[in-house]
Each structure stands twice: as structure tokens, then as C-alpha cells.
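By convention in this document, chain letters (A, B, ...) are assigned in the order of the sequence lines, proteins followed by strands, and residues within each chain are numbered from 1. The shown structure was predicted, so the numbers you read here are calculated from the model rather than taken from an experiment.
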Amino acid sequence: MCAARISLVNQGFLRFSRVYLELQRQLAVHLRSVLKAKYSLDIENIPVEIPPELKFGELATPVALQLARSLRKAPKMIAQEIVEALQSDLAALTGFAGFEVAGAGYINARLDRAAFARTTAAAELPKLAHPFFKLANPPHSLVEHTSINPNKAAHIGHLRNAILGDTFVRMLRAAGSQVDVQNYIDNTGVQVADVVVGFLYVEGKSLAEVRALLDDLKARGERVDYYCWDLYARTSQWYEQGSEAENAERKKLRYATLHAIEEGGNETAEVAELISTAVLRRHLETMLRLGIEYDFLPRESEILHLKFWEVAFEELKQKGVLYFETEGKNKGCWVMRRPGAEIADGELDEDAKAIVRSNGTVTYVGKDIAYHLWKFGLLPGRDFGYEKFFAYPDHECWISAMQGEADHPHFGGASAIYNVIDSRQSDPQANVIQALRGMGYTAQADHYTHFSYEMVALTPRCAVELGYTVAEEDLSRPYIEVSGRKGFGVKADDLIDKLIAATSEEVEKRQTSRDATERETIARQIAIGALRYFMLKFTRNSVIAFDFKDALSFEGETGPYCQYAAVRIRNIFRKGGTTPENVLAEFAELARQRADAHSELAGQQGSGIAGFLAGEENEDIWALWLRAGRRSLVLDQAITVSEPAYLAKHAFQLAQEFNNFYHKHHILTEEDAERKTFLLATAAVALHELVTVLGWLGIETPEAM
RNA sequence: GCGCCCGUAGCUCAGCUGGAUAGAGCGACUGACUACGAAUCAGUAGGCCGGGAGUUCGAAUCUCUCCGGGCGCACCA
């Protein structure tokens, strides 16, 4: 049922702590040669799974079940024959203790537990000194996430985007990739235009007055993005509030403003620049609270003014991806076939996507195609100017500019890109990929991933709680979509503040001996842990119906639960007066001695390390070691299918298995010195696994809880 | 009309290229703090995996179909 098939696809770049992966590969190779010798069959992908329960062993294959038909033999018979072949050559399979037939014809493999522990512990040691692995020739990836319109405060939907994106970046880096993190800024769109209309016409402010207001807000320590949140909602209403004639005028104002901003070099554009930059800065601050950082902020204004589109347009025309439509509703436009469209030559394709309008202006998708050519380094002669914009403790975040600074890093030219964008935009994303493919950039199209995810919505109860008026028919729905335009939603900073307030209250109660700064750090770490885990525990295409009760929960399957397990382990080492490093070194030495002795005591079970890991009463300990050995496998799978939730699940299961172990076995009072070392080593391995995996999720481990 | 996503326990969700007795968390009910701090642990109850058909030795998983819910399908941005 919950047997997991191990992916063979993507293992190449994982070079550390791959105990489980190695064993799996070895078994698959060996099985293949057995099948060849016995039945003259050459099967390339032999399924090797992790069984649903430990009593079935640590690895299993249903290959005998699959062969039953072609070999015209009962699956159990085949399994028996294969097992005999494997058993007779056990010496060639290091790390395995034996094989057996089970169920309808499964072949179950049992591992040499002591050897597994020895290898795992040894793999933990060097990581302590060098936690980050670097490949000699790392693949260059580009992840784009966050990309909030700079006209209002970030809300919970944006948090899901940024947390998913940031976590994926950490995962890629853990696997050895070189990753550039980009946050695309649409500073010339209608959303920014609307808030500019708000300042200029709803509030009737001049450029100087807007500037003064921004200074004033800054001086008072108030959030500009919050101010814009309200103004944006008011402006959206204002378009519909007046008489029909007035509303028509207001709409005209809206488009005139939009065009002035796109054009640049005027006062309206200057207001837009002031506001969008101030709001953008706030977004970066909000995300930094969650440990989210960026390398580069490409802006729409530069893509426009540096004329990326012109270069792309020529190539699109020349390669026949775009054609000029002379009939139908798209008459006078340059259009592109949609993915999967089957239209005979010369026939009118009414469904084609217009890329250049009949008035000669380019659509959003067109600009996006040009931008993505740049991302892959396929836009000859065009690049952004680069300026420093935001300083992080250990690096700069750059922003696009017309001229820019002479000395700057290079962005773009990636070999793989990931766009973290919600699933509602899958159509335009598919259009861009289609264009790349049409231009013959097949490899690039294949390495273009729309990292899509479902939205965060509010439960009706939550909406009412926040004081919004909810329509009668919406009350019975499972969730209501948030809307920046209506000012309907939970602002990111409000949620973070609320979480910190809740964790602070608990920390004040528990950590009376610590000073205020320490307590503050702990409360912040737990709050962020809770938030990040909450956003990551759901798989990407499940809609999150947001509710404060769930988001503010610190018990059960939550970030704090995982953090707590790690903190408990730290407490053990603190009380025990030793460190994980020392214990692991001690254990490695012990394991080595025992391994030497083992050859003399061949076949003698139940002694030494093997004994600590054998038997019903130690099954939970063995489960913990196994889980730890599985980490790189889980990372591999999570990257292959772009699903950070797998890692969140893994961290939780690890924490759960540790807590279970913690209650059953009391470490510090253990009298047998060797067993105590072994139990401490178990805790050390669990701690390093937890800290590492939580780190990939962007969750810090507090000193105390 | 076309396309994509979802439907699994009272609630919120896992279940990873088909595989062994369908799993968690929350909520409910029982129990466990003078041992490494209970933000924890142990246990009980709770499921026609939306319905139907097909493929298969084997289906929550693949195919088809129907039902229910959501989101997209502009020369808007």
C-alpha cells in the first residue's frame, strides 16, 4: 500500500549520505544478473521498493509477480528460485543479511543492520564540518518566485508562493545546483496604474505630496504597502461608484495613466516609480522575516525600454512561429498557434493566440517570450543594466536598470528554469513554452518548469472573523478566493505578527531563565517554523483553505513539533555533558572494533551493535536509523517532481519516530556503556538529519523551547 | 463548448512511474509528568478511497463514462 518505488532517474547529482540509494542500486544490479543467468531475461528497470512495514524487510521487489506470466510459472516458485540464487551468493552483496519469499511472491531483503548504522554514522561525521556539498560543474538553474505586483501589501497567497519557491531553491542548492533567485517585478502594469490613479485623482495628490507622504510614513514607522492596500481597494471601487458618464471618464484616466507609466519620462511615471519601489522594498523586508532572499529583480520597465521584444519578434517571424492574420477576429494581428492545435495549412485558426495587436503593440505573452529567451541566454545583444538594490548579510540583491553599474554579476543564461506561479496562469506559461519549442529551442523548452500550485483561500468562518461581509451563497462554500483588488485577504505581516505574539506568550511562560533577546529569537524561530511548515505540508495542487486555528496550531503535524524533537535532542547532549560530534566519533570507533570482532563471531546474533538493533523491542530504533538513511532519496524525489511537501512529510516522520524512541528508551540513565553510546549516536544522527532537512525547509532549530 | 485541477475517516490532508492489513494530524473518548521539559507519548472509536464500467495475477493509483466542486480559455494586463 505505502510501498515506495525508488526512482532511478535522478541520482547522479547526489553524492552524500546515500546509504539507502547505494544498497538499492546494488540489489537492482544483482537481481538483473540473476535474471539473466537463470532465465536469459534482460530487464532494465527492476522495481525495488521500500516495503510498507519493517516486518517485510528493508527493501523488496515484486519482480517475480511480474514474470509469472511470461515464464508460465507460479510467482512463488520464481521468487523461491531467485532467493536461492541471491542467498548462495550473499558474500557478493555487502550490506545485506538475507532474502526471503513473502506473500504472493514478493522477494524481501534484510539489511545488515550493524553495517548500515556504521556507514550512516560515518557519513554524518564529515557533514558536520562541511554541511554544504559543492559539485565541480554544477548545473545552473534559475528560480523565479514571489513576483508580487508592487502596488499593495503581500498577502497569504504570496506567502505560499515565496515559501514554496525559497524552499525549492534550498533543495536545489542542497543537491549541488548553482541557483539564481529572481523576483520579477511588474512595475508598469494596471495594478500599479490603479494605485497611482488613487494617489493622483482619488486623493488628488501631486508628485511632491506623494513624496512627502512616503517620507512621513517612513518617519512614523508605518507600512507603505498597508497604505496602498487600502488605497488600491478604494480606487477599484471608485471606478464603479460614480454615474455612468463619470465612470467612463475614470476608466479613461486609468488607461491614460497606464500608458504614461509604460512610456516613462513624465510625472505620472515618476509617481509610479516612487510608489512601486517603496512597496517593493517592503516586500523584501517582509520576505526577509521568513529568511527569503533574492539575487536579482528584473523589472518590466527595463524589459520594455531595453526593447527585448524587438529582437525576439524578428526571430519569431523569421522562424515562422508567428504569422500575420489577414482574416477573422484576429485580423491585423501577429498570432501564434496554441499548443496542441490541429489546423490544416491555409485554414483559418480563430483560436490562435494574438501576440502583436492590430495596433502594433505587443501583448503580455509576447513580452514574456522575450524575457524567457533572455533567461536561457537566447537574446543576442540584449541584457539588463544592473544596480545594487538591497543588502543582505552575505550578499547583494540587484535590480534591473537602464545603464546600471559597471561592475556587476551576470544573470540569465540558465540551463534550467523554474517559474513559481499559481496554476491559474498555466495557459500563458504553456504559450511561452510553445513559442520556445516552435523556435527550435527544444532542450530549453524541456527544462522550463512551470512550478504551479493552487491558491490560498479563506474559509468563510475566517472571513467573517476578520470582519468582511460575506455573501449568503458564499457562506456554504468550502473557501473564498482572496482578492487584492477588493482588499479581501490576510496580509502577510499581520499573520507573522500574530504568530510571533502567540509564540512569545508561550516562550515567556516556559523560558523564564533566559534573557529577553534570547526569548525573542526563540519565539521568532518557532513562529516562522510554524508558518513555513504550514505552507509546505500541503502538496502543490491542493487549495489551502486558510484558517487561523490551523495556522496558529503548534501541536501535531506542525513546524514546532519537528523543532521540538530537535530541541529535545540538544537538551540530552547538554545534560549529558557531551556533543553529537564526540558521540559519533566514539560510536564510529566502537563500530569499527565490533566489525573486526564480527568476522570471528560470524553468525552470532544479538551481540554488540547488531544486538542493539535487533528484536521487537529495538524496532523503533532501527526505524529511526533507516529513516535517516533515506534523506537523500527523499530529496531526489522531491526535486524530480518539484514537490517540497515530500520533505516536510519526511521531517515530520523523523521527528515522530524520534519522539517515539525518546519515550521508550531513557538514554542518560542507561547503565551499559556501549548501549549508552549507541543510544546517544542514534540521537546524534536524528538531530543532524532533522537540522539538515528543516534547514532545507528554511526552518531554524531553536536552542530551547 | 474546450482545457487543467480536485473528490480518501466528523474536519484538514498524505498515500511518490499499480503491489502486501488504506495512513497521518486535528477533533472525540481512555490513560501517562518526583527520570533527557507533556509544544510530548500510548490506546479506543471512526473509511463502498464520489458512482459505474474496463485493463490487470493485482486498482485509491491506469483508461472510459457519469455526478459534484474549483480554476482557466481576450487584440485586458
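- Between the CD1 atom of A:Ile261 and the P atom of B:A77 there is a distance of 13 Å, given to the nearest Å.
- Where pairing requires Watson-Crick or G-U contacts shorter than 3.5 Å, the helical stems of RNA chain B with at least three consecutive pairs are B:1-7 with B:67-73, B:10-13 with B:23-26, B:28-32 with B:40-44, B:50-54 with B:62-66.
- Residue contacts for A:Lys331: at a heavy-atom cut-off of 4.0 Å it reaches a base atom on one of the strands shown.
- By the side-chain hydrogen bond (donor to acceptor under 3.5 Å, both in side chains) test, A:His372 pairs with A:Lys375, A:Asn419, A:Tyr448, sequence neighbours left out.
- The residue A:Val641 sits apart from the nucleic acid: no heavy atom pair falls under 4.0 Å.
- When each of A:Tyr255 and A:Glu481 is assigned the nucleotide of RNA chain B bearing its nearest heavy atom, the one mapping closer to the 5' terminus is A:Glu481.
- The listed nucleotides are B:G15, B:C75, B:G25; the one nearest the side chain of A:Asn330 is B:C75.
- The CD-C1' distance, from A:Gln429 to B:G3, rounds to 16 Å in whole Å.
- With C1' as the reference atom, B:U12 and B:G3 are 29 Å apart, rounded to whole Å.
- Counting to the nearest Å, the P atom of B:C73 and the NZ atom of A:Lys329 are 12 Å from each other.
- Checked against A:Lys353 for a side chain to side chain contact (heavy atoms under 4.5 Å, CB included), the options A:Asn431, A:Asn330, A:Val335, A:Asp427 give a single hit: A:Asn431.
- A:Phe548 and A:Phe546 have perpendicular rings, their planes meeting at more than 60° on a 0 to 90° scale where under 30° would count as parallel.
- Residue contacts shown for A:Val567 are absent, as no nucleic acid heavy atom lies under 4.0 Å away.
- In the set B:A39, B:A24, B:A77, B:A77 carries the atom at the smallest distance from any side-chain atom of A:Leu258.
- In this structure, the NZ atom of A:Lys537 is 14 Å from the P atom of B:G15, given to the nearest Å.
- Nucleotides B:G69 and B:U8 place their C1' atoms 16 Å apart, quoted to the nearest Å.
- Atom-to-atom, OH of A:Tyr564 to P of B:G37 comes out at 8 Å; the value is rounded to the nearest Å.
- Residue A:Tyr561 is in sugar-phosphate contact alone, with no base atom involved, counting any heavy-atom pair closer than 4.0 Å across all strands shown.
- Between A:Trp334 and A:Phe313, the ring-plane angle classifies as perpendicular under the 30° and 60° cut-offs.
- Taking atom CZ on A:Phe538 and atom C1' on B:C13, their separation rounds to 7 Å, with Å as the unit.
- B:C13 and B:U17 have their C1' atoms separated by 23 Å, with the value rounded to a whole Å.
- Dashed line: the shortest gap from a side-chain N or O of A:Gln656 to OP1 or OP2 of B:G25 is under 4.0 Å.
- Listed in residue order, the members of residues 657-668 of chain A having a heavy atom less than 4.0 Å from RNA chain B are A:Asn659, A:Asn660, A:Tyr662, A:His663, A:His665, A:His666, A:Ile667, A:Leu668.
- A:Glu325 comes within 4.0 angstrom of nothing in the nucleic acid, heavy atoms only.
- Side-chain nitrogen and oxygen atoms of A:Arg357 include at least one within less than 4.0 Å of the OP1 or OP2 phosphate oxygen of B:A77.
- Across all strands shown, A:Asn541 has heavy atoms under 4.0 Å from sugar-phosphate atoms exclusively, and none from any base.
- Across all strands, A:Thr363 comes closer than 4.0 Å only to sugar-phosphate atoms, never to a base (heavy-atom distances).
- The side chain of A:Ser542 places an N or O atom within less than 4.0 Å of a non-bridging phosphate oxygen (OP1 or OP2) of B:A14.
- Between B:G37 and A:Arg510, no contact under 4.0 Å exists linking OP1 or OP2 to a side-chain N or O.
- Salt bridge A:Lys664/A:Glu617: absent, no basic N to carboxylate O contact under 4.0 Å.
- Using a 4.0 Å heavy-atom criterion, one finds that A:Ile526 contacts the bases of the nucleic acid, with or without backbone contacts as well.
- Contacts of A:Tyr364 with the nucleic acid, taken as non-hydrogen atoms under 4.0 Å apart, include base atoms.
- A:Asp194 comes within contact range of no nucleotide atom at all, as no heavy-atom separation falls under 4.0 Å.
- Annotation: cation-pi geometry satisfied between A:Arg568 and A:Tyr662 (NZ/CZ under 6.0 angstrom from ring centroid, within 45° of ring axis).
- Note: A:Phe534 and A:Phe538 have perpendicular aromatic rings, judged against thresholds of 30 and 60 degrees for the angle between ring planes.
- Here B:A35 is the nucleotide among B:A35, B:A39, B:G25 with the atom lying nearest to any side-chain atom of A:Thr669.
- Between the side chains of A:Tyr533 and A:Glu557, at least one donor N or O sits under 3.5 Å from an acceptor N or O.
- No side-chain donor-acceptor contact under 3.5 Å links A:Asp194 and A:Tyr232.
- Look at CG on A:Leu67: it is 14 Å from P on B:C57, rounded to the nearest Å.
- Using P as the reference atom, B:A45 and B:C67 are 39 Å apart when rounded to the nearest Å.
- Phosphate contact (OP1/OP2 of B:G37, side-chain N/O of A:Lys575, threshold under 4.0 Å): present.
- Relative to the six-membered ring of A:Tyr453, A:Arg160 misses at least one condition, a distance below 6.0 Å or an angle of at most 45° to the axis.
- Contact check for A:Phe308 versus A:Glu302: no side-chain heavy atoms found under the 4.5 Å cut-off.
- Between A:Arg338 and B:C2, a side-chain N or O to OP1/OP2 separation shorter than 4.0 Å is absent.
- When heavy atoms are screened at a 4.0 angstrom cut-off, A:Gly103 is found touching no nucleic acid atom at all.
- Comparing B:A35 with B:A60, their C1' atoms are spaced 45 Å from each other, to the whole Å.
- In this structure, the separation between CG on A:Leu164 and CZ on A:Arg532 is 9.5 Å, given to the nearest 0.5 Å.
- With C1' as the reference atom, B:G31 and B:G68 are 42 Å apart, rounded to whole Å.
- Distance check on atom P: B:G50 versus B:U61 gives 8 Å, rounded to whole Å.
- For the P atoms, the distance linking B:U55 with B:U63 amounts to 16 Å, nearest Å.
- Closest to the side chain of A:Glu555, out of B:C16, B:C71, B:U40, is B:U40.
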- Check against side chain to side chain contact (heavy atoms under 4.5 Å, CB included), A:Leu253 and A:Tyr239: CA-CA 10 Å; A:Leu253 221 44; A:Tyr239 288 134; over 6 Å; no
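- The interatomic distance linking A:Phe573 (CZ) with B:C36 (C1') rounds to 11 Å, in whole Å.
- Counting any heavy atom pair closer than 4.0 Å across all strands shown, A:Ala638 reaches no nucleic acid atom.
- Among the heavy atoms of the strands, none lies under 4.0 Å from A:Val365.
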